[in-house]
There are 2 protein chains.
Amino acid sequence: MLAAQRKDLILTTLRDQGRVVAKDLAAELDLSEDTIRRDLRELAAEGHLHRVHGGALPASPAVADFTARTTIGTGAKAEVARTAAALVRPGQTVAIDGGTTARELARALPADLRATVVTHSPTVAVELAVHPTVEVIIVGGRLFKHSVVAAGALAHEAIGRVSVDAFFLGVTGIHPAAGLTTGDADEAAIKRAWTERAAETYVLGSGEKIGAASAFEVVPLAAVTAVLTDAAAPARGVAELRAAGVRVLGVS
Amino acid sequence: MLAAQRKDLILTTLRDQGRVVAKDLAAELDLSEDTIRRDLRELAAEGHLHRVHGGALPASPAVADFTARTTIGTGAKAEVARTAAALVRPGQTVAIDGGTTARELARALPADLRATVVTHSPTVAVELAVHPTVEVIIVGGRLFKHSVVAAGALAHEAIGRVSVDAFFLGVTGIHPAAGLTTGDADEAAIKRAWTERAAETYVLGSGEKIGAASAFEVVPLAAVTAVLTDAAAPARGVAELRAAGVRVLGVS
DNA sequence: CAATAACGTGCAGAAACGTGCAAAAACAAG
DNA sequence: CTTGTTTTTGCACGTTTCTGCACGTTATTG
């Protein structure tokens, strides 16, 4: 057995059994405990496991966190997110906005999806850090703490150099007359910049946002490909959007 | 059963059953009561449980919450983080690397600190989103999932346009001969770029990293201002660093 | 109150630890 | 192919951690 294989075995054993006992493994592999201890020490130094007396434990309780994280979300936002995730094609480059629905979208992406996600949301980036196949590009800038997204001229400039197949836009208001709105002017400009760089723009619009309007327009409704909402969205609001020529997905 | 596992079992039993009876647990695990009592004493000393005659009860909710926060706050990495946080002066611009110690540093910054933090770690950015006064600049780039940091040419270029008063550098190895090392070459280059843009560089080096060495050198030890470590750092490792002319803070 | 159970401390033996070293195996260059 | 270099492995050994024992002290119970 090669030394590298042995390290893989250690990590696999850790994952499967939740622990490694140095003495047992040495006997099993017919090696000295010294060798196993050396392996454990090195793997611990690289952050792959937690070295304890007599063996090793998993690196962190992050396994439990991973499980919680991958629990399928319920509620309106998760519904919207699923509708959105189904629109992402393998091989595409898509941009994801910030916010809780956007975060749900990051979670809802299929585990085998091979695509590139560009985002100015560190929260979305952290969510996608555990995705096995999606490539993630972070757009930097000044952190707008209210929404936990990068904003300002730095972000705006960086977005201007990106082109994406689709942009998943988060807003706070979806109104037939007022259009798509949000509460901060700088954030509105960032979102607008994304729509200008995207072939298609889908609004993440759970029902509570329909009929609402905030202070700053992002883009008019005519500028987007569709509004993605949920089954419980208000029928009148949906009807009004459709009457205005807007494509609404996620509700009959 | 490993000793560390047994402590986990005790805490799990406490959560599930609301109590631990020392005599019963000793019988169940075929160990002496002395051993169980020692475990309970140690866990109580760390605030994880309430020691009572005959066994243990859960720490009270308020204490448990405080302890959970304090437990994070009392580990080696939190110690290092506190030493680091104390070095940040109001009005400064500092860069924070990625990793768990870096995240602790973000948490350890004083609540009234007025400074600017630049980081290529979305995790650090998310932590600082709740800080009332610190300005945060995110450096974008391709997400290196293993360490959850932005990397690649985009990040490297962005860092080249930033100057900071101090860079708090995370590594996996601190060795008198091998220098400061990490496990990925691209990440090593990003870290190096930061050291070149920083007036001072402080290494976040909890004790387990001292004496260890990973594959890729970031910078030699002579290139940094100081290594910040914790009280439990190995004395020999610390002595060797000091003998090599390295300033080591956080341990006598 | 006395008897019993549980406690914490100090101690010794066993197990595990990490370091330095040398030999063997693997690798790379000529 | 040979030779020099690097990596891997086990050994020896001093250090550290873990565990049970003994025992005096403290708490609980009838």
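Labels below follow one simple rule: chain letters A, B, ... track the order of the sequence lines, proteins then strands, and each chain is numbered from 1.
- A salt bridge links B:E127 with B:R107: at least one charged nitrogen is closer than 4.0 Å to a carboxylate oxygen.
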Legend entry - Annotated protein contacts, base or backbone, on nucleotides 13-21 of chain D with a non-hydrogen cut-off under 4.0 Å, one of B, S, - each: ----SSBBB
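- Comment: A:R89 does not engage A:D165 in a salt bridge, judged by the lack of any side-chain N to carboxylate O separation of less than 4.0 angstrom.
- B:R197 and B:S163 get closest at one heavy-atom pair: NH2-OG, 3.1 Å.
- Counting only heavy atoms from C-beta outward, the side chains of A:K7 and A:L43 approach each other to under 4.5 Å.
- Residues B:H120 and B:D97 bring a donor and an acceptor atom of their side chains to less than 3.5 Å of each other.
- Counting to the nearest Å, the P atom of D:dG10 and the NZ atom of A:K23 are 16 Å from each other.
- Between chain A and DNA chain C, the heavy-atom contact criterion of under 4.0 Å yields a 5' to 3' nucleotide range of C:dA16 to C:dT19.
- Judged purely by distance below 3.5 Å, without hydrogens or angles, the side chains of B:T181 and B:E217 never pair a donor atom with an acceptor atom.
- Counting heavy atoms from C-beta outward, A:V117 and A:I137 have side chains that stay 4.5 Å or more apart.
- Using a 4.0 Å heavy-atom criterion, one finds that B:V21 contacts no nucleic acid atom at all.
- Residues B:K77 and B:S206 bring no donor and acceptor atom of their side chains to less than 3.5 Å of each other.
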